[in-house]
Amino acid sequence: MTLTVIWLLPLVGSGLIAFIPPRFAKWLGVVVALAALAVAAGVAFSFEPGYRGYQYSEAVPWIPQLRVFYRLGVDGISLWLVVLNAFLTVVAILATPIATRHLNRFVALMLAMSAGLAGVFMATDLVLFYVFWEAMLIPAYFLLWIFGEGDRPARAALKFVLYTLAGSLLMLVGVIGEYVFTGKQTFDLATLATLAPSPSIQFGLFSVFALAFAIKTPLFPFHSWLPDAYAAAPTPMLITFAGVMGKAGAYGFLRIAVPLFPEPVGWWDWRWVVPVLAVAAIIWGALMAIAQRDMKLLVAYSSVSHMGFIVLGIFSYNVQGQQGAILQMVNHGIIISALFLIVAWISDRAGTRDRSAMAGLAARMPVMAGVFIVVTLAALGLPGLNSFAGEFMTLLGAWQRAPALALFGAIGLVLAPVYMLRLFQGVMQGPPAGPVPRSDIYIGQLLLLAPLVILMFVIGLDPNALTSLMTSLGQAGLAR
Amino acid sequence: MSPLLTVDLTYTWSQALADLSQIAAVATLTGFFLFAIVVDLVLPKHRRGGAVAMTAVTGFAFALATAAYRWVYGQGGASAYHGFATGDNFALFFEILFATLGILTVALSHSYVRKRGLLESEFHILIMAAVIGMMVLGSATSLVTVFLGLELLSIALYIACGFVRTESRSQEAAAKYLLVGGFASAFVLYGMALIYGGAGTTVIPEIAKRLDATSSGNPLIILGIVLMGVGFAFKVSAAPFHMWTPDVYQGAPLPVTAFMSVGTKAAAFAMIVRVFSGGLPHLAPEWQALLAFVAATSMVVGNLMAIAQTSLKRLLAYSGVAQAGYILIGVIAGGQSGLSAVLYYLFVYMFMNFGAFAVITLLAGPEGDRDRFSDLEGLARRNPVMAVLMSVFMLSLAGFPPSVGFFGKLFLFTAGVSAGYTWLVVLAVIMSVVSVFYYVRVLVPVWTASARTDRVPASISSQGVLWLSGVASVALGVYPTTVLLLGQLGANPISGP
């Protein structure tokens, strides 16, 4: 029941909040999100490391005719994402400006999306996973469309939905294929991980699953929905959108694509194609980030690059790489949220998102500059901050798999300072571009960022606290 | 010794009663149908409409109750009237479906017919006649009764389509439907004649025994299958025989379109399953190939054509063409899993598609139907409940979980892949992505801010229809087990357990 609460609570809250007056919506939303976070944190604290199998499992027959079960469970992989999702939902709702039009609907949709994401991370039945995976698209679509920024949010929203659906509906064929071709007629992930069909069938099924996950992550060359969607998304939504939803794709790789298809070899060997694409994403995302003038798009492309590291780690097929990938999912969720928040606040004050149109803001917002440099350094992987350990582990794993992967992946580490520091320097340092009044970060905004920044230090100084719990696994087929 | 020619001299009262009990729901509804005609004759003019509507609803409710009672307490489906009809679970499933549909239709059309000043009692009586035809199709086990049901249903609907006598488009729809429907019936009849020629009987279970796999060498039998297949494809509005659908849907008054889009389709699928899956199991490879072609074309043509539509009725017409393609996958896959998926989908399709049409029906004004995209503008402000429900229907038709549309597709596709039709399922999935584009496009005017503030009034009964459809579209998806189980029991007489 505990896990059910984690996704059902936001969903019920969402239904309620949609119908209450907007002025109470934000605070009730925060309360609901905090309650979900409390439950998730409770699960995390009582979580047993080293345990083989899903913890807090629930299994109720749902569609007995097809042996579909309502199965939930967490293990060392999903636990972190469940907590991250609950945590970032709180941050996102707190970051919602009180002046948003139809605030109640906005908060309701945010909670619904968060509920769907929580379900994706906890589902251990393939059909249930798919249901959550698709259902979360509905609130995401309405959020992007109704509350989107820019000239044509409807277009960005539709592009996002069609892209994602193109992948995920094909994944439905994969889900059915797993049911039919393994010969056991089950959707249970833990069982399916022990039954591998023949390599050629694995190849076909892997292809449809990988396409869905690659689009969601997004992996090069399936990322072209991302700039439009991220540019259109309102900042609070971006926190869950970039911070958590992108992780759903990477999580899918780790939870389904890797353990269920140990040998997806047909016309080519997927085990080599995906990491190569990941490296391509690392480099391509970094290069595109360098080329951006729009700060929001710069951060968006940096996200493509960082997600590449995560996928690279997953497809290293060894402990370091996969642990690093999970760690990096959490890190990236924290960093990207902080970055999007800061960028949004700066552009609010400067009146533009064009980084070349502003300079020397540090003198006018010294505290903001201080926080910004910490987040910037975390994003480019400075040792002592959270991203370093994760990226290092993924590259270490990739090196063990094939040194070339790690070598080319490391180019991303070299390019990250280029775009991140250029962003920081261009915006904050140098002679002021114009007479901007002094407008530093508000105390409320600082308080909102404080937990994110503290986490950057904590995870950076003691990554073991997280990785030691990742030893618990619910599935065969993962590298341990 | 064909049963057509058998003269049974020992037909007793008890036998007559047993036969009648097999078609109890049809008989009940027919009784109410005749009563409604009498009511229309004897009551004063201003009270006729309401009384006939009440009679119709009562009749549907009694038919529903009869079918449900027989489902729970009946002794199963024995062959009645020398093998011409039966009251097995398959028939009962469709009787329940059509009776529900009848209630929904009368509830929805009541205020519409008044608003547009149409002949009220005749309208409801026609709907009753059409429902009787559909129920006959569900329980028919002879080619003769199949044709009888088909014609009863079609003739009632020809008239209903042209019910707005002052509107040329409605007249055009009726004429078109009559001509094309006549062709389709002729095709079906010709095919039946050839099958009769080959098998020497019109009783479907007998045909199944007499035509074995060796009959596939007989060109007349194959021609019979093809002709019947073409006629059936006309009736389910599957491409490439769908040309009539958009025009007829657009011209017919909206409640009739809503009724037709669900009822005719379900009845025609009942017919396909009875005749093909039940009557020609040994010739499955032949008709499966034919239906696979039809299914693939329907999905491609329906989904691609729907994108370009500017009329909501035409959009839903093409969407119906595409949906017919999805459902055909289940028929082709066959077996208990395939047929139960078909029955599940038909049952839930009633709610989501009828609901979508119900929303558009309520937009209609006294001068005519309003089915432009712009007519939906600002619905979120004009009637928030309808806006939410319309979103549910569209997302369900598009196949988003946790709505019924998703689970219907899941069951159909699972059966398809299990039966080895992976290519067809992959095609269906790709076309589903296309379908999301136009279903979501309907929602754009609904939720976009607009200056329009005129309310969209909805009578109590129409609201009931909307709520029932909306709740069913989600609840039967979150908890699909029961309807799927009913579908399995319903499919058993054809597929075997």
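Atoms considered below: every heavy atom in the structure, side chains included; atoms not considered: hydrogens, waters and symmetry mates. In the text below, chain A, chain B and the rest are named by the order of the sequence lines, each starting its count at 1.
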Honestly, the part of Thr422(B) sitting under 4.5 Å from a heavy atom of chain A is side chain
Separation between CG (Leu485(B)) and CD1 (Ile63(A)), nearest 0.5 Å, reads 12.5 Å
- Task: Take the angle between the ring planes of Phe406(B) and Tyr130(A) and call it parallel below 30°, perpendicular above 60°, tilted in between.
- Result: parallel
Rounded to the nearest 0.5 angstrom, the OG-CG distance for Ser418(B) and Leu66(A) is 8.5 Å
Q. Is there a side-chain contact between Phe413(B) and Val173(A), using heavy atoms and a 4.5 Å cut-off?
A. no
Between Gly399(B) and Glu134(A), the two heavy atoms sitting closest are O-OE1, 4.5 Å
Cut-off 4.5 Å, heavy atoms of chain A, and the answer for Gln336(B) is neither
Interatomic distance, CD@Gln65(A) vs OH@Tyr344(B), rounded to 0.5 Å, equals 10.0 Å
(Q) With a 3.5 Å distance limit and no angle check, can you tell me whether Trp62(A) reaches the backbone of Thr481(B) through a side-chain donor-acceptor pair? (A) no
In this structure, CG of Leu170(A) is separated from CD1 of Ile430(B) (nearest 0.5 Å) by 5.5 Å
Practice item. Report yes if some heavy atom in the side chain of Val436(B) is under 4.5 Å from a heavy atom in the side chain of Leu158(A); otherwise report no. Key: no
Rounded to the nearest 0.5 angstrom, the CG-OH distance for Leu395(B) and Tyr141(A) is 9.0 Å
So, the part of Ala154(A) with a heavy atom under 4.5 Å from chain B: the answer is neither
When the 4.5 angstrom heavy-atom criterion is applied to Arg101(A) and chain B, the contacting part is neither
For this session: Answer yes or no: does atom CZ of Arg152(A) have more than 12 heavy-atom neighbours from other residues, nucleotides or ligands under 6.0 Å?
Result: no
Exercise for review: Tell me, yes or no, whether the heavy-atom count around Phe293(B) atom CZ, taken from other residues, nucleotides or ligands under 6.0 Å, exceeds 12.
Suggested key: no
Within residues 346-353 of chain B, contacts to chain A at heavy-atom distances under 4.5 Å involve none
d(Trp447(B) CH2, Trp145(A) CH2) to nearest 0.5 Å is 8.5 Å
Tested for side-chain contact (heavy atoms from CB on, under 4.5 Å) against Val433(B), the lone hit among Thr164(A), Leu169(A), Val161(A) is Leu169(A)
- Does the side chain of Val417(B) reach to within under 4.5 Å of the side chain of Phe181(A), using non-hydrogen atoms? yes
Bottom line for Val434(B): the part with an atom under 4.5 Å from chain A's heavy atoms is neither
Checklist entry - CH2 of Trp467(B): more than 12 outside heavy atoms within 6.0 angstrom? => result no
Residues Pro402(B) and Val131(A): closest non-hydrogen pair is CB-CG1, 4.4 Å
For this session: Kindly check if the number of other-residue, nucleotide or ligand heavy atoms within 6.0 Å of NZ (Lys159(A)) is above 12?
Result: yes
| Are there more than 12 heavy atoms of other residues, nucleotides or ligands under 6.0 Å from atom CZ of Arg441(B)? | yes
When the 4.5 angstrom heavy-atom criterion is applied to Leu162(A) and chain B, the contacting part is both
Cut-off 4.5 Å, heavy atoms of chain B, and the answer for Val127(A) is side chain
Turns out that what part of Leu165(A) lies under 4.5 Å from chain B's heavy atoms comes down to both
